Number of protein chains: 2
Amino acid sequence: MEFSNLDQENLKELSIRTGNACVGFNLRRTARLLRRFYDEAFEPLGLKGTQFSLLMAVAGNQNATIGELSQPLGMERSTLSRNIVVLQKKGLVTVEEGEDRRQQRISLTDLGVSVIREALPLWQGVQESLISELGEERITNLLADLLSLSHIKEGN
Amino acid sequence: MEFSNLDQENLKELSIRTGNACVGFNLRRTARLLRRFYDEAFEPLGLKGTQFSLLMAVAGNQNATIGELSQPLGMERSTLSRNIVVLQKKGLVTVEEGEDRRQQRISLTDLGVSVIREALPLWQGVQESLISELGEERITNLLADLLSLSHIKEGN
DNA sequence: TTAATGTGTGTGTATATACTTATATTTAAG
DNA sequence: CTTAAATATAAGTATATACACACACATTAA
C-alpha cells in the first residue's frame, strides 16, 4: 500500500479498510458491545461482567497473591490490585498479608461463594445466547484464536 | 450443570471451565494483551492503539458529529466525547460547533493527516505480525466472528 | 552484620469506558 | 408565541486499564 499522498478520497478508503481489518480495533469494539450484554445479565447481583470474571479467577486460585493472579488474567499487577479492592469493598474477597509480608493473599468470602452460586446460571444464560447466535463450532474456534493471539510476544 | 454445592473442589473446576469458555473474559484478556503490542508499535508517534483507531475513524467520517461517530465505533457518546478531547489536545483533530449549535463536528487537522501517514506503516507491521502468527484465514474468520458477535442485541 | 540488590504491592497520573444527570438548543404542541 | 418535549453534548461518578515510581520487605554479597 502507498501512504504518501493521502487526499480526502484515499483517507476514506484507508479508514474503511483498516477499520475492517484491524484485529485490535475489532476486538475492542466487540468487547465494548458485549460488555453491556454481560453487565445487564449480572446487574441483579450488583456485579459487572469484569467483576464476575475476576471473582471466578479468585475462586480458581484461592489464597493466591496479586502477582500469581495477574498471570492467568494477563493483567498488570497494579490494575489487578485496584480491581481487587472493588471486590473487597463489596465483601466478596478477603485480602490478607502472607508469610512474606510483602505479599497480599486473596480469598473468597462466604458471601463471595454465594454470589458465585447465583451468578453462574446468569453467566450460563449469556453463554448460551452467544452460542445460539454463532453456533458451538464458531465459538470454539473463536476461543482458540483468541488464545493463540494472546501468546504473541513483542519481537515476533 | 449443578451449582448448588460449591465446595473448594467444584469451585476450582468451575473456575477453569468458565474461564476457558467465557467469550467476554477471553475477548477482554486478549484485548489487554494485544493492547501492549499496538501501543509499543505507535509509541514513536506518541499515540496509543486506541487513539490510532479513533483517528482513523475520524478520517473516514470527516466533519461527523459525536453521535454519528459513536455508531460505527459502538461507543457511548460520552466516552467518545472524552476520547476526542485527548486527540484535540494533541492537535490531531478540530472540534467545531455545527449549524445546529448543539452539535460538535470533528475533523482532522493537517498534523492529524501527517500522523496518520506515519502511523499506517506501523499499523501494517502489527497487522502482518498477527497474520503471520495466525494465518490469513484464521484472522479473516476471527474478524467475521467478532462482527457477528457485535450484532447481538439485548433480548436475544 | 551491614550494605547492595531484588521483589511484591500500592500510589500518582493518564486514558478508556459507561451510566446518570445537567445544560443548551431545537422542535413540536397548544 | 410560549411552553413542553426531544435531542446533542458535557460533566459527575465509578470502574478498568497500564506505566512509572515509591516503599516496604526480603535476599544476597561484602
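Predicted model, so just to flag it, every value in this text is computed and none were measured. We name chains A, B, ... by the order of the sequence lines, and we start the count at 1 in each one.
Protein chain B contacts DNA chain D over a range whose 5' and 3' limits, counting nucleotides with an atom under 4.0 angstrom from a non-hydrogen atom, are D:dA6 to D:dC19.
In this structure A:Ser107 satisfies the side-chain hydrogen bond (donor to acceptor under 3.5 Å, both in side chains) test together with A:Asn63, sequence neighbours excluded.
With hydrogens and angles disregarded, a donor-acceptor distance shorter than 3.5 Å links the side chain of B:Thr30 to the backbone of A:Leu146. Here the side chain of B:Thr109 pairs a donor or acceptor atom with the backbone of B:Gly91 at under 3.5 angstrom.
For A:Arg35 and A:Gly67, each mapped to the nucleotide of DNA chain C holding its nearest heavy atom, the one lying further toward the 5' end belongs to A:Gly67. With DNA chain D read from its 5' end, the first of the two nearest nucleotides for B:Thr65 and A:Glu97 is the one closest to B:Thr65.
Near DNA chain C, defined here as any heavy-atom distance below 4.0 Å, the residues from residues 73-92 of chain A are A:Arg77, A:Ser78, A:Ser81, A:Arg82, listed numerically. Contacts between residues 46-63 of chain A and DNA chain C, defined by a heavy-atom separation below 4.0 Å, involve no residue at all. Using a 4.0 Å cutoff on non-hydrogen atoms, the parts of residues 98-108 of chain B near DNA chain C are B:Glu99, B:Asp100, B:Arg101, B:Arg102, ordered by number.
Here CD of A:Gln104 is found 10.5 Å from OG1 of A:Thr94. Values are rounded to the nearest 0.5 Å.
Five base pairs at each end of the helix from C:dT1-D:dA30 to C:dG30-D:dC1 define two local axes, and these are offset by 10° (rounded to 10°).
A:Gln103 and A:Arg101 are not linked by any side-chain donor-acceptor pair at a separation below 3.5 angstrom, with hydrogens and angles left out of the test. Under 3.5 Å, the side chains of B:Arg29 and A:Ser53 contain no donor-acceptor pair of N or O atoms. Remark: the B:Gln62 side chain and the A:Gln8 side chain contain an N/O donor-acceptor pair separated by less than 3.5 Å.
We find that A:Glu76 and B:Arg35 are not joined by a salt bridge, their nearest charged nitrogen and carboxylate oxygen being 4.0 Å or further apart. The pair A:Glu68-A:Arg77 does not meet the salt-bridge criterion, since no charged nitrogen lies less than 4.0 angstrom from a carboxylate oxygen.
Cluster membership check: B:Leu147 does not share its hydrophobic cluster with B:Leu149, using side-chain heavy-atom separations under 4.5 Å among Ile, Leu, Val, Met, Phe, Trp and Tyr.
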